[in-house]
Chemist: 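The structure is given below, and queries will be raised subsequently.
Per chain, numbering begins at 1; letters A, B, ... match sequence-line order.
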Amino acid sequence: MKVSTMKIIFMGTPEFAAESLEKLYSVGHDIVGVFTQPDRPRNRGMKTTFSPVKQIALMNNTPIYQPISLKDDEIVSVVKRLQCDLIVVVAYGKKIPSDILNIPSLGCINIHASILPNYRGASPIQHAIINGDTETGVTSQYMSEEIDAGEILLIKKTPIGDDETSTDLFSRLSTLGAELLIETISAIEAKTVIPTLQNDDDVTYAPLLTKDMSPIDWSKTAHEIRCMVRGLQPWPTATTIIDEKTVKTFSVDVTNNMTSLLPGSIVSHGEHGIEVACSDGSIIIKELQAPGGKRMSAADFLKGNPLSTKHLY
RNA sequence: CGCGGGGUGGAGCAGUUCGGUAGCUCGUUGGGCUCAUAACCCAAAGGUCAGGGGUUCAAAUCCCUUCCCCGCAA
């Protein structure tokens with residue numbers, strides 16, 4: 001793809017954003033500065049690790065900025081001094097104040113992992129799966145004060161696979177988002193895109209996921225439970241309690257079996273997994289993870305953990 | 001030095017509190033049974049108990065230490 005280079009400031013933090021940044025470099029844009037969240041001690045052992053975006057920026061010798069807050073006159077003047085044409089924000093992790101949004105001549109664009117105005121907010125990918133949607137996508141927008149409420153530039157759609165987890169979708173949409181970003185920049189440059197206001201009537205939100213959402217509610221339908229299990233990965237993950245152990249469930253199948261047992265009752269268990277009754281039939285837990293242990297098939301789990309309960313919670 | 005769980009034949013686990021014959025559910029291999037089916041029966045092989053050091057007549061088990069895995073928290 002032929003594009004003339006543009007001076008761009010990139011703001012982003014996680015893996016999802018890193019792919020977009022890589023694509024910008026590979027297409028040949030001039031990245032004059034990268035903003036990412038400050039290094040913090042994370043993970044076991046509290047070791048400080050660099051964000052995926054920072055790692056990419058380091059490899060390309062781009063100046064990196066990790067301000068604690070963007071609402072800072074000094075930061076505003078730093079952004080001005082970089083003299084960029086465009087600011088690109090992908091999963092940065094903080095709101096961008098209007099003082100900064102107004103700086104670049106071509107504006108400030110953002111890649112969001114849903115078909116806006118659906119699923120504004122922190123977890124669009126997971127909510128699309130949890131709700132059982134069959135299609136999602138990525139949207140590029142001009143940024144507005146209100147989060148994810150800007151004028152829409154371009155949209156790329158993709159079907160959601162029946163087996164797909166949020167982890168899978170994250171990976172696919174980060175690639176799709178990177179492609180959309182490049183196309184959007186070209187379109188802005190060529191002035192071939194007409195920004196469209198979002199339709200307020202269609203707005204939905206995808207709030208931050210929390211651990212309270214983890215426990216599986218067996219009184220839901222098999223389909224609903226399966227969507228939760230797929231959507232809540234890799235965090236916070238759907239859980240259930242087997243013999244007083246809270247186990248994470250990673251993979252479940254919907255069966256055609258009808259059962260009169262109460263939701264949560266174990267219908268059968270063995271080589272095929274653990275079959276559990278829900279409101280409209282049953283599902284089979286195929287892959288799980290016990291406390292302290294690794295992820296394994298339900299069949300393996302049963303070899304060392306014979307069930308003594310007849311009910312899950 | 002953030003908190004905690006774990007490492008035991010090929011897989012999943014018990015045994016560690018209170019040191020004393022290496023155990024369970026599977027898998028594998030051989031045989032039997034059956035019209036047939038690894039469904040069932042019989043038998044066998046397979047282990048540096050994560051690594052190193054120490055205590056002891058004796059260590060999977062107690063003490064010190066290194067490495068690796070997992071969860072929480074951020």
Chemist: How far, in whole Å, is B:U48 from B:U55 if one measures between their P atoms?
Modeler: 25 Å

Chemist: Please tell me if A:R44 has a side-chain N or O lying less than 4.0 Å from either OP1 or OP2 of B:G71.
Modeler: yes

Chemist: For B:A44, which nucleotide in any strand shown is its Watson-Crick or wobble partner with both distances under 3.5 Å?
Modeler: B:U28

Chemist: Nearest of B:A74, B:G12, B:G71 to any side-chain atom of A:N43?
Modeler: B:A74

Chemist: Who is the Watson-Crick or G-U wobble partner of B:U17, with both distances under 3.5 Å?
Modeler: none

Chemist: Which one, B:A11, B:C69, B:A73, comes nearest to the side chain of A:M46?
Modeler: B:A73

Chemist: For A:M296 and B:C69, give me the distance from atom CE to atom C1', rounded to whole Å.
Modeler: 12 Å

Chemist: When you check the side-chain N and O atoms of A:S98 and A:E145, is any donor under 3.5 Å from an acceptor?
Modeler: yes

Chemist: Rounded to whole angstrom units, what separation is found between the CG atom of A:L288 and the P atom of B:C13?
Modeler: 10 Å

Chemist: With both distances kept under 3.5 Å, what pairs with B:C49, Watson-Crick or G-U wobble?
Modeler: none

Chemist: Which residue pairs pass the side chain to side chain donor-acceptor pair (under 3.5 Å) test when at least one of the two sits in residues 278-293 of chain A, sequence neighbours left out?
Modeler: A:D253-A:K286, A:T255-A:S282, A:E275-A:S282, A:E287-A:R295

Chemist: Expressed in whole Å, how much space separates the C1' atoms belonging to B:C40 and B:G7?
Modeler: 36 Å

Chemist: Using whole Å, what does the distance between atom P of nucleotide B:G12 and atom CD1 of A:I242 come to?
Modeler: 17 Å

Chemist: If you measure from the P atom in B:C42 to the same atom in B:C24, how many Å do you get, rounded?
Modeler: 13 Å

Chemist: Could you tell me how far B:A38 sits from B:U29 if I compare only their C1' atoms? Round to whole Å.
Modeler: 12 Å

Chemist: Respond yes when some side-chain nitrogen or oxygen of A:K248 is under 4.0 Å from OP1 or OP2 of B:C72, and no when none is.
Modeler: yes

Chemist: How many angstroms lie between atom CD1 of A:I242 and atom NE2 of A:H311, to the nearest 0.5 angstrom?
Modeler: 12.5 Å

Chemist: Roughly how many Å apart are B:U61 and B:U37, using the C1' atom of each and rounding to a whole number?
Modeler: 45 Å

Chemist: Considering heavy-atom distances to RNA chain B, does A:K47 or A:G293 have its closest nucleotide positioned more toward the 5' end?
Modeler: A:K47

Chemist: Please determine, by modelled atom types, if A:D168 and A:T165 share a side-chain donor-acceptor pair under 3.5 angstrom.
Modeler: yes

Chemist: Could you please name the option among B:C72, B:G2, B:G12 that lies closest to any side-chain atom of A:K303?
Modeler: B:G12

Chemist: I'd like the C1' distance from B:C72 over to B:U56, given in whole Å.
Modeler: 39 Å

Chemist: Take atom CG of A:N305 and atom C1' of B:G15, then tell me their distance rounded to the nearest Å.
Modeler: 15 Å

Chemist: Using atom CD of A:Q289 as one end and atom P of B:G5 as the other, report the distance to the nearest whole Å.
Modeler: 17 Å

Chemist: Taking pairing as Watson-Crick or G-U wobble with both contacts under 3.5 Å, can you name the mate of B:C3, or confirm there isn't one?
Modeler: B:G71

Chemist: List the atom of A:G12, the atom of A:A17, and the distance in Å for their closest heavy-atom pair.
Modeler: CA-CB, 3.9 Å

Chemist: If the threshold is 4.0 Å, N to carboxylate O, is there a salt bridge linking A:K294 and A:D300?
Modeler: no

Chemist: Are A:D39 and A:K47 within salt-bridge range, i.e. N to O under 4.0 Å?
Modeler: no

Chemist: Rounded to the nearest Å, what distance is computed from the NZ atom of residue A:K245 to the C1' atom of nucleotide B:G12?
Modeler: 12 Å

Chemist: Distance check, C1' atoms only: B:A50 and B:C69, in whole angstrom units.
Modeler: 11 Å

Chemist: Heavy-atom nearest nucleotide on RNA chain B for A:P306 versus A:K294: which residue maps closer to 5'?
Modeler: A:P306

Chemist: When we call it a touch if two heavy atoms are under 4.0 Å apart, what does A:K211 touch: a base, just sugar-phosphate, or nothing?
Modeler: sugar-phosphate

Chemist: B:C26 C1' sits how many Å from A:L307 CG, rounded?
Modeler: 15 Å

Chemist: Using the C1' atom as the reference point in each nucleotide, state the distance between B:C62 and B:U17 in Å, no decimals.
Modeler: 12 Å

Chemist: In terms of side-chain heavy atoms of A:R42, which of B:C13, B:A74, B:C69 is nearest?
Modeler: B:A74

Chemist: Rounded to whole Å, please give me the gap between CH2 in A:W235 and C1' in B:A74.
Modeler: 11 Å

